[in-house]
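Heads up, the thing below is written out as structure tokens.
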Amino acid sequence: MAKYSIDDIMDRLGVDSNKADEQQSLPEGPEPKPEDKAIARPKRNLPVKARGETGITKLGDPQGELAGSATSEIYTPEAESSSEQLALGEVLLERGVVTREQMTVAQQVIKQTPGATLGQVLVEQGADEIEIQQAVAEIARLPFERIDSEQGLDSFEAGLVQRLSLEFCKKNVVMPLRREGRRVVIGATTPNAVFVLDQVKRALGVPGVKLVLVTGADVRGAIELMDDESEDDGEDLDDILADVQEIDVEVTKESEDDHSLEAKAGESPVIRYVNYIIQTAIKEGASDIHVEPSEKKLRVRYRIDGTLFEMMNPPQGMSAAITSRLKIMANMDISERRIPQDGRIKCVVSGRKLDLRVSTLPTPFGEKMVMRILDTKSINVQLEDLGFEEQTLELWRQQVRSPHGIVLVTGPTGSGKTTTLYSSLRQLDKGKLNVSTVEDPVEYSLDGITQTQTHEKIGMTFGAALRALMRQDPDVIMLGEIRDFETAQIAVQAALTGHLVLSTLHTNDAPSSITRLVNIGLEPFLLGAAVNGVLAQRLARRLCSKCKEQGEGTEEMREYFEMQGLPVDQLWEPRGCEKCRSTGYAGRVGIYELLVVDDALRDIVARNPNVSEFRRMCLERGMVSLRDDGMRKAAVGDTSVQEILRITKEAS
């Protein structure tokens with residue numbers, strides 16, 4: 001805060017300071033008590049201008065008018081904020097709490113993130129919050145206290161928390177600690193919580209409050225104690241929480257990698273907007289979030305049911321700030337904008353634990369960011385719910401329960417291969433079998449299964465990891481993907497020596513997977529002996545249940561349905577409504593092509609046939625193609641003929 005002498009201020013106002021002293025002099029009285037000084041300090045330091053929740057609010061003088069241009073120089077929020085942050089930075093550097101590099105990065109973030117404070121940014125970067133808050137308290141001349149969670153509810157006054165509500169304490173990061181006479185001691189994380197303290201006074205009905213600084217971690221720990229207590233003794237808080245939604249009162253325990261988006265919703269406009277982007281994506285059921293800068297605007301697109309939709313256009317000026325915020329959450333280097341980066345965000349949205357895989361790509365107008373949403377809810381699907389026909393489902397279960405051999409799932413990226421494999425692994429008796437996986441990356445955690453992450457840079461490849469697993473007495477091995485000859489060769493050896501190997505390939509249909517492995521370098525006779533089955537799959541958009549309608553279809557469609565023995569009077573078509581964003585589709589359903597390799601086909605594989613010849617032989621032996629399976633689902637109204645023709649064009 002800028003410093004002025006009282007004489008200079010009175011001269012600018014045109015008041016004789018000597019007369020003012022005579023008129024304003026007060027009789028001497030007894031020395032005020034220490035606690036009275038503590039109460040009076042905030043009033044003496046209250047600025048003429050104070051930052052409110054919606055902007056800058058001018059506090060009027062007794063006459064209701066500002067004294068003039070002279071008083072406008074007494075206080076400026078920017079000057080005070082910058083001077084306080086400068087003083088805090090000097091103290092932290094002097095004490096060795098942060099390094100010069102951390103301070104430089106933090107200052108860059110503050111410039112790009114309106115409303116962010118130096119302490120908040122440094123804590124997010126991993127600095128010690130306790131030492132930072134101690135320094136803030138000393139600069140603000142406020143006491144600093146710790147909330148000892150080990151003492152349970154004795155570390156604060158639970159009755160006051162109930163009167164304020166957990167929602168209020170959580171949103172404003174404050175905690176009423178105790179009573180001192182007629183005052184209540186309030187723990188807050190910022191010394192400028194003037195408006196919050198006024199709300200606390202009104203809510204508690206007390207004449208005054210005493211502010212002490214605490215850490216955000218201590219406040220969250222205290223709230224978690226109250227939350228746990230309310231679960232045990234819900235009768236005491238039922239009336240208080242009757243109008244509060246579950247999302248508002250849920251508290252999660254943070255670790256270094258966990259970010260509770262709800263707890264950060266009120267820290268700054270940029271942080272709130274980033275939270276809004278992620279929360280909206282989860283609400284809409286998106287699988288990916290695209291943040292794309294351009295010359296004139298910034299657009300945010302969601303991939304929903306395999307299709308990208310442009311959902312919002314933040315102001316172009318927020319582009320750098322939004323990118324920096326996401327990079328901080330993903331533990332990326334925010335100072336590096338010239339090369340691509342990868343990161344990971346672990347967060348909790350509406351009680352659901354999510355992983356966001358973040359990727360950046362430099363463009364002429366900034367960094368494009370794509371976030372893949374990995375939701376455990378979407379992966380916890382039973383095989384029966386994936387869209388298998390009954391006969392196909394039974395055959396696939398037999399393949400997964402085989403004692404040895406290779407079982408492949410094939411399809412393009414985003415066709416649901418991982419979901420099918422994870423659902424298949426859940427069918428196994430993990431109590432009697434040693435099930436292990438090698439993945440890049442490990443997208444979801446599975447109970448009772450050993451999961452291994454590959455690291456190409458240190459030599460932990462699929463081949464190296466698979467070779468190590470072979471010494472771990474495995475029964476079932478799942479490979480994220482067979483990419484090269486080394487991995488394919490070890491997988492075949494494992495299958496031929498009594499192990500069941502599940503893996504994926506990127507091919508258009510099931511028969512071409514055999515040809516792909518031969519092209520990698522495997523001997524055809526080894527493949528014929530090792531491979532048990534191949535499942536090709538796609539995800540077709542499901543017709544919206546609210547607006548789908550029956551249509552006549554084209555003559556070719558009706559002829560095709562008649563040849564397949566399907567009812568031609570039940571051709572369903574998309575129409576579009578508000579629920580499905582006028583697309584006619586909502587959700588997705590799987591279509592499958594299962595190739596079971598029997599003894600006759602093993603002999604054919606050993607002769608190394610070409611792709612078209614081998615596919616024809618498989619169809620003659622009863623394999624149901626992707627298009628045929630899709631048309632069966634179109635006949636019952638699960639999807640449309642147009643959608644099946646679109647996604648099976650290359651597999652036909």
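The shown structure was predicted, so the numbers you read here are calculated from the model rather than taken from an experiment. Atoms considered below: every heavy atom in the structure, side chains included; atoms not considered: hydrogens, waters and symmetry mates. For reference, positions follow the sequence shown, starting with 1.
Looking at T507, its side chain does come within 3.5 Å of a backbone N or O of D509 through a donor-acceptor pair. At least one donor-acceptor pair closer than 3.5 Å links the side chain of E336 to the backbone N or O of R338. Between the R541 side chain and the T583 main chain, no donor and acceptor come within less than 3.5 Å of each other.
Remark: Y276 OH is loosely packed, at most 12 non-hydrogen atoms of other residues, nucleotides or ligands lying under 6.0 Å away. Dense packing is recorded around CD of E384, with more than 12 heavy atoms of other residues, nucleotides or ligands lying under 6.0 Å away. Within 6.0 Å of atom CD in E390, 12 or fewer heavy atoms from other residues, nucleotides or ligands are found, so the atom counts as exposed in its surroundings. Annotation: E578, atom CD; neighbour count of heavy atoms from other residues, nucleotides and ligands within 6.0 Å does not exceed 12.
Side-chain atoms of C347 and L356, non-hydrogen and from C-beta on, do get closer than 4.5 Å to each other. Side chains of Y592 and L594 form no contact here, defined as non-hydrogen atoms less than 4.5 Å apart. No side-chain heavy atom of E284 sits less than 4.5 Å from a side-chain heavy atom of F309. Counting heavy atoms from C-beta on, the side chains of S359 and R372 never come closer than 4.5 Å. Side-chain contact between Q453 and M460: absent, with no pair of heavy atoms (C-beta onward) separated by less than 4.5 Å. Under the 4.5 Å side-chain criterion, counting only non-hydrogen atoms from C-beta, Y273 is in contact with M312. Side chains of L386 and S423 form a contact here, defined as non-hydrogen atoms less than 4.5 Å apart. Residues K430 and I449 meet the side-chain proximity criterion, which asks for heavy atoms closer than 4.5 Å.
Using a 4.0 Å cut-off between a side-chain N of Lys or Arg and a carboxylate O of Asp or Glu, D598 and R621 qualify as a salt bridge. A salt bridge is absent between E643 and K633: the closest approach of a Lys/Arg side-chain nitrogen to an acidic carboxylate oxygen does not fall below 4.0 angstrom. In summary, E486 and R467 engage in a salt bridge, as defined by a charged side-chain N under 4.0 Å from a carboxylate O. Of the charged side-chain nitrogens involved, at least one lies within less than 4.0 Å of a carboxylate oxygen, so that R301 and E292 count as a salt-bridged pair. The existence of a salt bridge linking E310 and K297 is confirmed by a sub-4.0 Å separation between a basic side-chain nitrogen and an acidic carboxylate oxygen.
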> Can you list the steps and then say if I373 with S287 is a side-chain contact (heavy atoms from CB on, under 4.5 Å)?
Replying inline: CA-CA 5 Å; I373 301 173; S287 60; 5.8 Å; no

> So R344 and V358, side-chain contact (heavy atoms from CB on, under 4.5 Å) or not? Walk me through it.
Replying inline: CA-CA 6 Å; R344 178 180 182 181; V358 186; over 6 Å; no

> Would L395 and F388 count as a side-chain contact (heavy atoms from CB on, under 4.5 Å) if you check the C-alpha gap in whole Å, the side-chain angles of each, and the deciding distance to 0.1 Å?
Replying inline: CA-CA 10 Å; L395 289 174; F388 282 99; over 6 Å; no

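Under 3.5 Å, the side chains of S640 and W572 contain no donor-acceptor pair of N or O atoms. Neither side chain, Y585 nor T307, offers a donor N or O lying under 3.5 Å from an acceptor on the other. Residues Q537 and T420 have side chains that bring a donor and an acceptor to within less than 3.5 angstrom of each other.
To the nearest 0.5 Å, atom OG of residue S503 and atom CD of residue E481 are 7.5 Å apart. A distance of 6.0 Å separates CG of L425 from CG of L502, quoted to the nearest 0.5 Å. The CG atom of D628 sits 8.0 Å away from the CG atom of L619 when rounded to the nearest 0.5 Å. Remark: L526 CG to I406 CD1 distance equals 9.5 Å, nearest 0.5 Å.
Applying side-chain hydrogen bond (donor to acceptor under 3.5 Å, both in side chains) to E367 and the options Q341, R337, K327 leaves one that passes, K327. Of the candidates K457, R483, R357, D440 forms a salt bridge (Lys or Arg N to Asp or Glu O under 4.0 Å) with just one, namely R483.
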